[in-house]
J.: 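What follows is a structure written as structure tokens; I'll ask about it next.
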Number of protein chains: 2
Amino acid sequence: MTAAAANQSGRRTTHARRTERAGIRDVAAAAGVSITTVSDALNGKGRLPDETRSKVREVAERLGYRPSAAARTLRTGRSGLIGLTVTTYGQEPFTFTEFAYFAEMARAATSAALTRGYALVVLPATSRHDVWSNVALDGTVVIDPADHDPMVAELYRQGLPVVSDGKPGNCPVTAWVDNDHASAVLEILDHLAEAGARRIGLLTGTSTDTYTRLSTEAYLGWCRRVGQEPLYEAYPAHDPCAGAVAADRLLARPDRPDAVYGLFDPNGTDLLAAARRYALRVPEDLLLVCCSESDVYASTEPPITTLSLQPQRIGTTVVNLLIDAIEGIGSFTENPEGQLMPTELIVRRSSQRRPPRTTVSAPRVPGEV
Amino acid sequence: MTAAAANQSGRRTTHARRTERAGIRDVAAAAGVSITTVSDALNGKGRLPDETRSKVREVAERLGYRPSAAARTLRTGRSGLIGLTVTTYGQEPFTFTEFAYFAEMARAATSAALTRGYALVVLPATSRHDVWSNVALDGTVVIDPADHDPMVAELYRQGLPVVSDGKPGNCPVTAWVDNDHASAVLEILDHLAEAGARRIGLLTGTSTDTYTRLSTEAYLGWCRRVGQEPLYEAYPAHDPCAGAVAADRLLARPDRPDAVYGLFDPNGTDLLAAARRYALRVPEDLLLVCCSESDVYASTEPPITTLSLQPQRIGTTVVNLLIDAIEGIGSFTENPEGQLMPTELIVRRSSQRRPPRTTVSAPRVPGEV
DNA sequence: ATGAAAGCGCTAACAC
DNA sequence: GTGTTAGCGCTTTCAT
């Protein structure tokens, strides 16, 4: 045993081993090497003979040694943690996963982070300040930042990379990713018009996030262009009851639309229920499209056409951009890189006046099995 | 300026200020106090005059000082981070939020953690080992641990508190929470029998988790008791397509059930679709109940009776138990505390042969508005 | 090829 | 009341 090892273990014992877990010094002492060698052996660094390396590994294993993440973080300045900040709607406590979009996006983001060796922490923008300051982040994903988002500004000041889901209004993000919401809406409106709609209504939200704003603007622009009177109802998107009421109101109007596009997830079922109340057949009397990530719409009666924003893709991309920024040495550009991701229109019966010929086999009935 | 301050700032400058951010020493120097005073002032500790306290706060604010979470964690042994481990089903990459149950549970857990000043990290049990060892956790919530779960054993060895969602088979958890799955199933079967069902079928899973096992056993026991031939189809619960097929198969049997309980979320819509294919009216020809947290079943045609496992409640409870264990000084008991949480049966039309009198107003029709 | 020593930035014990 | 000092457990530079 070297003098150093004796010294170290001596110090340990005098402190009456207040920690149960083995530390790097214990491993070094047990293996008869220095802590440097242990560190290098375990991290695959330095130029040690394979013999030493495996010896150290074996001893570490035997002692059940687990390096301290805290110490490593302090020393290297990297925590391996990235934040996911969800803008909470209204005064709701925490609406994460309220919409399937967030749930899917968060899942993909978590998954992508893990693949690259990072863990992901969900931290609502409105969290207690002490929570934010208590967790060491290497960077943050921000969903739909506000125009002059103070939190993004603060993160920027701290020198942390920030990537946003949703084109940022006026804040210093490293990169951003978004759908082309305007195009998506126009595609849907054209699709409905082609299916015979003459008066297309919109179920939209009252909040001012980019998605709602861009989509509504695109709708209004389209109406202006084709000379249709806008027919829409807006409601606070975070309130599911309000959504059902708004759907009902839209179909109760004297100038009732013959097609509706709903911007939020549960609008499809709400509109379907409302249509039933007014004895409107879908798609004969009313064409329906809804923006949603849920596959329940594949088996409603009738199945409802949906627009998917592909949150998995966005979540994955956003995280990878962030980790690139973290690992790439200061790729801070004054003008952030932005990229638009495609959406996917899944056409089902609710938006087609006459069902197209498909290759799908006819529904089985008993006896035909 | 004290000698110490001069010395500190001197050291800083010689290092050519490699960090941009202000440290505690900078604040101390600028405020003309020692770093201890800064620490105490900012953390509300020690016995400082309010004057000093506010002075330090002001200086810290002016300098944009943010304490280093990494250093604090290393020093105090507390990271303020708790893990949420999701058992992934089969070979699927990461099924978190696949079922609304997980999504809801995770949301509630995150929220509860934040309320108590902790952040939550989602870490699948199968994550790369380096991710696990890279994040300093104060404790972990484990969803549905396996019988002799190696991960739980490892966490226990590390001295970390573990609380499980789902009664643990044989592993050392600090506490656990679960629903009374057996009772819930019996309640549903009785409910269906009361509504006139003579042959109740079950849509169940092939995996061996506690939920599936207990529920299926309860069903089989009930059948034995009332003398009904068991009628069930099992499928890998993580595969939505398999669910639709299994639903179809169950209704295609020559000994077709006149009521079905589905253990997993999308079974309701699948069964409804299958019923339509076989021209079965719900609830007249087929009674339906499904275990789900989704409210789409309130507006299907007909609305479907669901069993809610109350994941929000479970998520909240589990996190609070964990944080209690973290903050309470070693409340490790040999026999972990377990508690059963109630489930909620939400009765809708799909499980009632004749609709009960309700106080709900009749659906509005145009003109009545 | 290996080891000694210097901190990372903070908190807490103790001295004044 | 306030300051000095000793580490928390690692990684890394530099010397050998």
Side-chain angles (χ1 to χ4, degrees), chain A residues 1-8 11-12 14-15 17-29 31-53 55-56 60 65-80 133-134 136, chain B residues 1-8 11-12 14-15 17-29 31-53 55-56 60 65-80 133-134 136:
Chain A
M1 188 185 263
T2 66
N7 173 28
Q8 315 261 355
R11 188 175 56 66
R12 282 235 133 214
T14 56
H15 277 326
R17 65 186 292 90
R18 60 170 58 126
T19 67
E20 295 285 336
R21 293 175 51 188
I24 195 172
R25 289 179 179 78
D26 300 310
V27 178
V33 296
S34 78
I35 59 170
T36 309
T37 306
V38 175
S39 177
D40 284 349
L42 263 32
N43 295 323
K45 302 200 171 174
R47 294 159 312 179
L48 310 175
D50 286 353
E51 195 187 352
T52 313
R53 220 174 274 276
K55 172 75 187 298
V56 169
Y65 168 68
R66 295 286 173 273
S68 146
R72 193 209 239 66
T73 299
L74 178 58
R75 181 63 234 235
T76 62
R78 285 277 161 75
S79 65
S133 67
N134 254 333
Chain B
M1 187 184 266
T2 66
N7 173 29
Q8 315 261 356
R11 188 176 55 66
R12 282 235 132 210
T14 55
H15 278 324
R17 64 190 289 91
R18 60 168 59 122
T19 66
E20 295 286 336
R21 293 174 51 186
I24 196 172
R25 290 179 178 75
D26 300 309
V27 179
V33 296
S34 79
I35 59 171
T36 307
T37 306
V38 174
S39 178
D40 286 350
L42 263 32
N43 295 324
K45 302 200 171 177
R47 294 157 316 179
L48 312 175
D50 287 353
E51 196 188 352
T52 314
R53 220 174 272 278
K55 172 74 190 294
V56 170
Y65 168 69
R66 294 286 173 274
S68 149
R72 176 185 270 134
T73 299
L74 178 58
R75 181 62 233 230
T76 62
R78 285 279 161 75
S79 65
S133 68
N134 253 333

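Treat the numbers as computed from the prediction; the structure is a model and nothing was measured. When reading the values below, keep in mind they use all heavy atoms of this one structure, side chains included, and skip hydrogens, waters and symmetry mates. So that the names make sense, note that chain A is the first sequence line, chain B the second, and so on, each numbered from 1.
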J.: With a 4.0 Å limit, can you tell me whether B:Ser34 has a side-chain N or O closer than that to the phosphate oxygens OP1/OP2 of D:dG3?
T.: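 It does, given that an N or O in the side chain of B:Ser34 lies less than 4.0 Å from OP1 or OP2 of D:dG3.
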J.: Nearest whole angstrom, please: distance from the C1' of D:dC10 to the CG of B:Leu74.
T.: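 Answer to the nearest Å: 8 Å.
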J.: Check side-chain hydrogen bond (donor to acceptor under 3.5 Å, both in side chains) between B:Ser34 and all other residues, then give those that pass, not counting sequence neighbours.
T.: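 Result, side-chain hydrogen bond (donor to acceptor under 3.5 Å, both in side chains) vs B:Ser34: B:Thr37.
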J.: Between the two end axes of the helix from C:dA1-D:dT16 to C:dC16-D:dG1, each built from 5 base pairs, what angle do you get to the nearest 10°?
T.: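 The end-segment axes of the helix from C:dA1-D:dT16 to C:dC16-D:dG1 are tilted 40° relative to each other.
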J.: Would you please name every residue forming a salt bridge (charged side-chain N to carboxylate O under 4.0 Å, His left out) with A:Arg78, sequence neighbours left out?
T.: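 In terms of salt bridge (charged side-chain N to carboxylate O under 4.0 Å, His left out), with neighbours along the sequence ignored, A:Arg78 is linked to no residue.
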J.: What is the nucleic acid contact for B:Thr73, judged by heavy atoms within less than 4.0 Å: base, sugar-phosphate only, or nothing?
T.: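 Nothing: the residue B:Thr73, judged by heavy atoms under 4.0 Å, touches no strand.
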J.: According to side-chain hydrogen bond (donor to acceptor under 3.5 Å, both in side chains), who are the partners of B:Arg53, at least two apart in sequence or on a separate chain?
T.: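 Partners of B:Arg53 under the side-chain hydrogen bond (donor to acceptor under 3.5 Å, both in side chains) test: none.
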J.: Can you tell which of B:Val27, B:Leu48, B:Asp40, B:Val38 makes a side chain to side chain contact (heavy atoms under 4.5 Å, CB included) with B:Val33?
T.: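 Result for side chain to side chain contact (heavy atoms under 4.5 Å, CB included) with B:Val33: B:Val38.
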J.: So which heavy atom on B:Ala70 is nearest to which on A:Ala136, and how close?
T.: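 Looking at all heavy atoms of both residues, the shortest contact is N-CB, 4.2 Å.
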J.: What does nucleotides 11-16 of chain D look like as a protein-contact string, B for base, S for sugar-phosphate only, - for none, at under 4.0 angstrom between heavy atoms?
T.: BB----
J.: A:Leu42 and A:Tyr65: which non-hydrogen atoms are nearest, and at how many Å?
T.: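 So the two residues come closest at CD2-CE2, 3.5 Å.
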J.: How close or far is atom C1' of D:dT2 from atom CZ of B:Arg53, stated in whole angstroms?
T.: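 Distance, rounded to whole Å: 12 Å.
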J.: From CZ of B:Arg25 over to P of D:dT4, roughly how many Å is that when rounded to an integer?
T.: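 Taking atom P of D:dT4 as the reference, CZ of B:Arg25 is at 12 Å.
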J.: Just to verify, what does A:Thr73 make a side-chain hydrogen bond (donor to acceptor under 3.5 Å, both in side chains) with, not counting sequence neighbours?
T.: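 Residues passing side-chain hydrogen bond (donor to acceptor under 3.5 Å, both in side chains) with A:Thr73: none at all.
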J.: Looking at D:dC10, D:dG3, C:dA1, which one has an atom nearest to any side-chain atom of B:Val33?
T.: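 The closest nucleotide is D:dG3.
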J.: Taking only residues two or more places apart in sequence or in another chain, which ones pass side-chain hydrogen bond (donor to acceptor under 3.5 Å, both in side chains) with A:Arg72?
T.: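 For A:Arg72, the residues satisfying side-chain hydrogen bond (donor to acceptor under 3.5 Å, both in side chains) (neighbours in sequence not counted) are B:Asn134.
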